[in-house]
Q: 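The structure follows.
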Amino acid sequence: MSLMTTLVLVAAGLVGATGLILGVFLGVASEKFKVEVDETEAKIRAALPGNNCGACGFPGCDGCAKAMALGEAPVTQCPVGGSPVAEKIAQILGAGEVSMDQEKKVAHVHCQGSCSKTKQIASYTGIADCNDLAVVPGGTEKSCPYSCCGYGSCVKVCAFDAIHVVDGVAIVDKEKCTACGACIKACPKALISFVPYKKKHIVSCKNLLKGKAVKDSCSIGCIACGICEKNCPFDAIHVLNDLAVMNEKCTDCGICAQKCPTSAITGKRVKKVEPKEAVQEKKEEAKEAPVSAG
């Protein structure tokens, strides 16, 4: 046998022996350090939508599934899946009937400053993203410094096609919205918040300028005139820091929306407004009534 042949055989033997040793080592290590899979957790994970949006309060669906399996989170923890997913998980856990106590909420953009309602005072030529526009001097192309940038950072992060920029302002399709909260985190102007799905009247403005300055910057902004507050029968809206703010006493009667001189309060206007005396009487009754902590 030649020297070359011997060397080849020795090299092949060494490679084979090394492979065998490594194989045995990896086999032992996989058994020693293997992670036990919780079958219940796996079933819950399979039942979840898989969006990993974080709306449940956990880093993703894996974390949510683990918390549910351990009993650290209710079966209704996933707002995206809603009642159908909650019922599936309840069956997996043997939890019985599911009660969706929480009122459904959707995202709402508190701005109506479209291109036709505000003036364009600058021209932005950078990256088409609201977060990039927000850090340049002025923070917007529009005359209202609190207006929607209109470059769709919220649109880019929405996994449900529930928000779009129309005429320079982001608008939410509440039928598609799952309340994942991605758009809220993405908005650099903090213009988006959760509101009850059934809420009919909303202060759709975040302009904190003074009255005349608001009029000069946006024709549909809140001018903090207080007319809504004076006419509300339920003490449900007040002007705070130059902006009308609703509270939990609101009954969606629509009087504030009808009385608002700039239409900053969105929603269907009521046709009938109670006499001023009746309004004042109800305001007094509302002030005397205890307010629930929830």
Side-chain angles (χ1 to χ4, degrees), residues 55-57 74 76-80 82-83 86 98-112 146 162-163 171-175 177-185 187 189-208 220-294:
C56 59
T76 57
Q77 189 72 23
C78 175
V80 176
S83 181
V98 177
S99 175
M100 299 296 286
D101 295 328
Q102 295 183 343
E103 182 181 12
K104 180 181 178 182
K105 292 190 176 183
V106 293
H108 180 81
V109 181
H110 296 270
C111 178
Q112 302 180 81
Y146 299 95
I163 186 168
I171 297 176
V172 175
D173 182 344
K174 70 178 189 177
E175 301 304 327
C177 181
T178 61
C180 70
C183 59
I184 294 177
K185 296 176 183 177
C187 181
K189 296 293 187 75
L191 294 174
I192 309 174
S193 70
F194 287 134
V195 299
Y197 172 82
K198 295 182 179 179
K199 191 79 177 73
K200 297 177 181 178
H201 303 92
I202 304 170
V203 180
S204 296
C205 179
K206 282 291 186 72
N207 196 325
L208 298 178
I220 202 167
C222 174
I223 57 176
C225 62
I227 291 177
C228 54
E229 181 176 344
K230 295 173 184 175
N231 286 274
C232 178
F234 307 101
D235 191 42
I237 187 167
H238 295 277
V239 175
L240 304 173
N241 298 321
D242 298 311
L243 184 68
V245 179
M246 289 182 176
N247 59 42
E248 70 282 354
K249 295 179 182 178
C250 179
T251 64
D252 265 334
C253 69
I255 292 176
C256 59
Q258 185 187 35
K259 289 291 186 178
C260 180
T262 64
S263 297
I265 303 176
T266 53
K268 186 178 180 181
R269 273 61 169 168
V270 293
K271 295 181 180 179
K272 182 180 179 181
V273 179
E274 298 185 56
K276 190 174 181 179
E277 294 75 13
V279 170
Q280 186 61 34
E281 184 178 341
K282 286 188 177 182
K283 288 182 72 172
E284 295 299 327
E285 290 178 358
K287 288 181 179 179
E288 294 175 4
V291 179
S292 61

Q: Who are the side chain to side chain contact (heavy atoms under 4.5 Å, CB included) partners of C225, not counting sequence neighbours?
A: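 Per chain and number, C225 pairs via side chain to side chain contact (heavy atoms under 4.5 Å, CB included) with I223, I227, P261.
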Q: With rounding to the nearest 0.5 angstrom, report the CD to CG distance, E229 to D235.
A: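 One finds 7.5 Å between CD of E229 and CG of D235.
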Q: For Y146, is the NZ or CZ atom of K189 found under 6.0 angstrom from the centre of its six-membered ring and inside 45 degrees of the ring axis?
A: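 Not satisfied by the 6.0 Å and 45° rule.
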Q: Between S263 and I220, is there a donor-acceptor pair closer than 3.5 Å when you use the side chain of the first and the backbone of the second?
A: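 Here the side-chain-to-backbone pair does not exist.
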Q: Is there a side-chain contact between I237 and V245 (heavy atoms, below 4.5 Å)?
A: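 Of all side-chain heavy-atom pairs linking V245 with I237, none is under 4.5 Å.
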Q: So, do M246 and K199 sit near enough that their side-chain heavy atoms are less than 4.5 Å apart?
A: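 Yes, close enough: below the 4.5 Å cut-off.
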Q: To check you understand the geometry: which heavy-atom pair defines the closest contact between K249 and F234, and what is its length?
A: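 What the structure gives for the nearest pair is CD-O, 3.4 Å.
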Q: Give a yes or no on whether the backbone of A86 and the side-chain of T76 come within a donor-acceptor separation of less than 3.5 Å.
A: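 A pair under 3.5 Å: no.
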Q: Considering non-hydrogen atoms only, spot the tightest contact between N207 and L243 and give its length.
A: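 Looking at all heavy atoms of both residues, the shortest contact is O-CD1, 3.8 Å.
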Q: May I ask you to test the P79-C180 pair for a side-chain heavy-atom distance under 4.5 Å?
A: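 A side-chain contact under 4.5 Å is absent here.
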Q: Would you name the heavy atoms of A264 and C260 that are closest together and state the gap between them?
A: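 That closest heavy-atom pairing would be N-SG, 3.2 Å.
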Q: Look at the side chain of K206 and the backbone N and O of A190, then say whether any donor-acceptor pair between them is shorter than 3.5 Å.
A: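 Yes; at least one donor-acceptor contact below 3.5 Å.
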Q: Mind checking the SG-CD1 spacing from C187 to I192? Nearest 0.5 Å is all I need.
A: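 Going from SG on C187 over to CD1 on I192, the span is 4.5 Å.
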Q: Do H110 side-chain atoms and V203 backbone N/O form a donor-acceptor pair below 3.5 Å?
A: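 Yes; at least one donor-acceptor contact below 3.5 Å.
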Q: C205 versus Q112: any side-chain heavy-atom pair under 4.5 Å?
A: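 Not in contact.
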Q: Would K104 and Y197 count as a cation-pi pair here, with the cationic atom under 6.0 angstrom from the ring centre and within 45° of the axis?
A: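 Yes - K104 lies over the ring of Y197, closer than 6.0 Å to its centre and within 45° of its axis.
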Q: Can you name the closest pair of heavy atoms from G226 and V239 and give their distance?
A: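 For G226 and V239, the tightest heavy-atom pair comes out as CA-CG2, 3.8 Å.
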